[in-house]
Amino acid sequence: MLVTRERPGELAAILETRGATVMHVALIAVTDAADGGRALRHELSRLEHYDWLVVTSPAGAERVGDAAREIPDLRLGAVGTATAHSFEQSSGRTIDLIPAVQRAEGLAEAFIANASTPQRVLIAQADIAAPTLADALRRAGHAVTTVTAYQTVACRPDPDAAQGADAVLFTSGSAVESWSRAFGTSTPPLVVAIGPTTAATAHRFGLKVSAVAADHSLVGLVTELERVLAAKGGAQSGRSR
C-alpha cells in the first residue's frame with residue numbers, strides 16, 4: 001500500500017497493524033509560510049484576544065500547540081480525529097470541538113450549532129487552504145481571522161518509485177496534484193481518497209478514484225481500503241466458482 005504523506009506516520013502505522021506492507025513516496029513537504037512565520041507568530045502572541053483557535057491539519061496543529069498550551073481559557077477546534085490527535089499532543093490539552101463529518105463544511109456546521117453567541121476565531125491553516133470554513137463562520141456572524149501556519153511544496157519522486165503498489169491512498173488534494181505532476185494519470189489498481197474534496201481533485205487531474213472514505217479520517221481511509229479489497233476478493237472468488 002502506497003502512502004504519499006510527508007512522513008509515513010500514523011497512516012503507515014495503521015496499515016502495518018492491519019497487515020499491509022507500506023511503500024512511502026513523499027509527494028509534498030511542509031515548510032514555514034512564505035513570510036517565515038511572521039504573521040503566525042504575531043497572531044499567536046495575541047491569542048488571549050480570541051475565543052477559539054481552530055486548525056485544519058496536523059501540520060497546523062503542530063505549529064500552534066505550544067501557544068495554545070499557555071491560554072487555558074482558549075477553546076480548541078480541529079477538523080478531524082487525526083488533526084485533533086496532533087493538536088492534543090502539541091498542546092497537552094483536550095480538543096473542544098471535533099466534527100462528526102471530518103471536513104471544513106462539517107466543522108463549520110458543528111461550530112455554528114454549538115456557538116450561541118458571536119465568537120472570535122483564529123484559524124491556522126495551509127497557504128493553499130480553501131476559504132470554506134472561514135466564509136461559513138463569517139456568514140454566521142463570527143469574527144474570523146485566518147493565518148497561514150505553513151506552506152506545502154511539491155516533491156519530485158523517482159518515476160519508478162510507485163511500481164509494484166496495489167493501492168495508493170490520498171489524504172489531500174495537494175498530494176494528488178503532486179502525483180499528477182510526477183506520474184500523470186498512471187496509478188496502482190486501487191485509488192482511495194480520504195474525502196470528497198480530495199476525490200474531486202483526483203477527478204480533475206484525470207485519476208480514476210476507486211473509493212472515498214465515508215469517515216474522513218486516517219482510520220476511515222484504511223477501513224474503506226479494506227472494504228474495497230474485501231469486495232474485490234469476493235468478486236474474484238465468485239468468478240472462480
Side-chain angles (χ1 to χ4, degrees), residues 1-16 20-34 55-63 78-83 85-86 102-105 124-130 132-133 148-225 228:
M1 302 305 160
L2 185 67
V3 299
T4 64
R5 297 158 69 87
E6 181 185 25
R7 293 167 289 184
E10 184 183 357
L11 177 56
I14 297 169
L15 286 165
E16 289 170 346
T21 299
V22 176
M23 300 171 60
H24 179 225
V25 178
L27 295 179
I28 59 172
V30 174
T31 65
D32 288 337
V55 292
T56 57
S57 70
E62 291 173 1
R63 282 165 169 74
V79 74
T81 52
T83 299
H85 179 68
S86 293
Q102 299 184 30
R103 39 193 297 214
E105 296 87 344
Q125 58 190 12
D127 59 322
I128 58 173
T132 306
L133 175 60
T148 299
Y150 63 95
Q151 62 178 333
T152 56
V153 296
C155 299
R156 292 194 173 276
D158 182 328
D160 297 326
Q163 287 188 1
D166 296 303
V168 58
L169 287 76
F170 287 123
T171 59
S172 69
S174 55
V176 171
E177 293 185 37
S178 293
W179 178 278
S180 180
R181 282 190 289 269
F183 303 110
T185 58
S186 176
T187 66
L190 295 179
V191 177
V192 185
I194 198 168
T197 303
T198 300
T201 303
H203 290 308
R204 180 160 56 88
F205 281 90
L207 276 60
K208 184 178 179 181
V209 176
S210 309
V212 181
D215 174 11
H216 312 314
S217 66
L218 297 183
V219 172
L221 180 62
V222 176
T223 299
E224 183 63 21
L225 171 65
V228 174

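Closest approach of Ser178 to Leu27, counting heavy atoms only: OG-O, 3.0 Å. For the pair Leu221 and Thr171, the tightest heavy-atom approach, listed with the atom from each and the gap, is CD2-CG2, 3.7 Å. Here the shortest heavy-atom pairing between Ala20 and Met1 reads CB-CG, 3.8 Å. Heavy atoms only, all atoms of each residue included: Val25 and Pro157 are closest at CG1-CB, 3.4 Å. Taking each heavy atom of Val176 and Ala202 in turn, the nearest pair found is CG1-CA, 3.5 Å. Residues Gly220 and Ala213 share a closest heavy-atom pair of O-CB, 3.6 Å.
Asp127 places a side-chain N or O within donor-acceptor distance of the main-chain N or O of Thr152, the cut-off being under 3.5 Å. Gln125 places no side-chain N or O within donor-acceptor distance of the main-chain N or O of Thr148, the cut-off being under 3.5 Å.
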**Message:** What verdict does the side-chain contact (heavy atoms from CB on, under 4.5 Å) test give for Cys155 and Ile28, after you've listed the backbone C-alpha separation in whole Å, the side-chain angles of each residue and the deciding distance to 0.1 Å?
**Reply:** CA-CA 5 Å; Cys155 299; Ile28 59 172; 5.5 Å; no
**Item:** Verdict with reasoning, Thr4 to Val168, per side-chain contact (heavy atoms from CB on, under 4.5 Å)
**Value:** CA-CA 8 Å; Thr4 64; Val168 58; 3.9 Å; yes
**Derivation of the side-chain contact (heavy atoms from CB on, under 4.5 Å) call for Val192 and Val222** = CA-CA 9 Å; Val192 185; Val222 176; over 6 Å; no
**Message:** If you apply the rule side-chain contact (heavy atoms from CB on, under 4.5 Å), what do you find for Val228 with Leu190, and how did you get there?
**Reply:** CA-CA 9 Å; Val228 174; Leu190 295 179; 3.8 Å; yes
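Note that OG1 of Thr81 is 6.5 Å distant from CG of Leu218, once rounded to the nearest 0.5 Å. Between the CZ atom in Arg103 and the OG1 atom in Thr56 there is a gap of 14.0 Å [rounded to 0.5 Å]. Note that the CD atom of Glu224 and the CD1 atom of Ile194 stand 11.5 Å from one another [nearest 0.5 Å]. Met23 CE to Asp166 CG: the interatomic distance, rounded to the nearest 0.5 Å, is 9.0 Å. Separation of atoms CD (Glu177) and CZ (Phe205) is listed at 4.0 Å; rounding is to 0.5 Å. In this structure, the separation between OG on Ser172 and CD1 on Ile128 is 7.0 Å, given to the nearest 0.5 Å.
A 4.5 Å side-chain heavy-atom check between Leu225 and Leu15 finds at least one atom pair inside the cut-off.
Listed by first and then second residue, the side chain to side chain donor-acceptor pair (under 3.5 Å) pairs that reach into residues 185-212 come to none, sequence neighbours excluded. Sorted by first then second residue, the ring-ring contact (aromatic ring centres under 6.0 Å, His included) pairs that include residues 174-202, not counting sequence neighbours, are Phe170-Trp179, Trp179-Phe183.
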